[in-house]
Enquirer: 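Sharing a structure below in structure tokens format, with a few things to ask.
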Amino acid sequence: MTNSGGENNLKYVSLGFEIAAGLGVPIGIGFWIDRTWATMPWFTFAGIILGVSVTIMLMVRLANNQE
């Protein structure tokens with residue numbers, strides 16, 4: 001027996017990790033810079049904006065590939 005849904009599930013798991021990394025990495029870097037340079041919360045906000053922008057670009061690219 002083969003798992004025909006396994007490949008499809010892997011695609012969604014991969015998408016989830018891409019979204020999490022696209023949001024988490026810029027926010028984490030911004031938070032780290034804020035703590036290091038004592039500039040709270042400016043770089044964290046910049047990381048949030050960058051993370052959301054990256055995630056939107058990922059979704060647009062994914063939607064264009066679906067067509």
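Given the structure is predicted, the values throughout are model-derived calculations rather than measurements.
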Enquirer: Listing request: all side-chain hydrogen bond (donor to acceptor under 3.5 Å, both in side chains) pairs with a residue in residues 52-62, at least two apart in sequence or in separate chains.
Expert: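 The answer is none; no pair qualifies.
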
Enquirer: Would you say Val60 and Val52 are hydrophobically clustered, going by side-chain heavy atoms of ILVMFWY under 4.5 Å?
Expert: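 As far as the 4.5 Å side-chain criterion goes, Val52 and Val60 are connected within one cluster.
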
Enquirer: Could you pull out all residues at least two apart from Phe17 that satisfy side chain to side chain contact (heavy atoms under 4.5 Å, CB included)?
Expert: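 Side chain to side chain contact (heavy atoms under 4.5 Å, CB included) check on Phe17 returns Val13.
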
Enquirer: What's in the same ILVMFWY side-chain cluster as Leu50, cut-off under 4.5 Å, chained through other members?
Expert: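 Its cluster mates, by chain and number, are Val54.
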
Enquirer: Show the atom names and distances, to 0.1 Å, of all donor-acceptor pairs under 3.5 Å that link a side chain in residues 21-35 to residues at least two apart or in another chain.
Expert:
residue : atom : partner : partner atom : Å
Asp34   : OD1  : Thr39   : OG1          : 2.6
Asp34   : OD1  : Phe43   : N            : 3.0
Asp34   : OD2  : Phe43   : N            : 3.3
Asp34   : OD2  : Thr44   : N            : 2.7
Asp34   : OD2  : Thr44   : OG1          : 2.6

Enquirer: Taking side chain as C-beta onward, heavy atoms only, is Glu18 less than 4.5 Å from Leu62?
Expert: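 Contact flag for Glu18/Leu62 side chains = no.
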
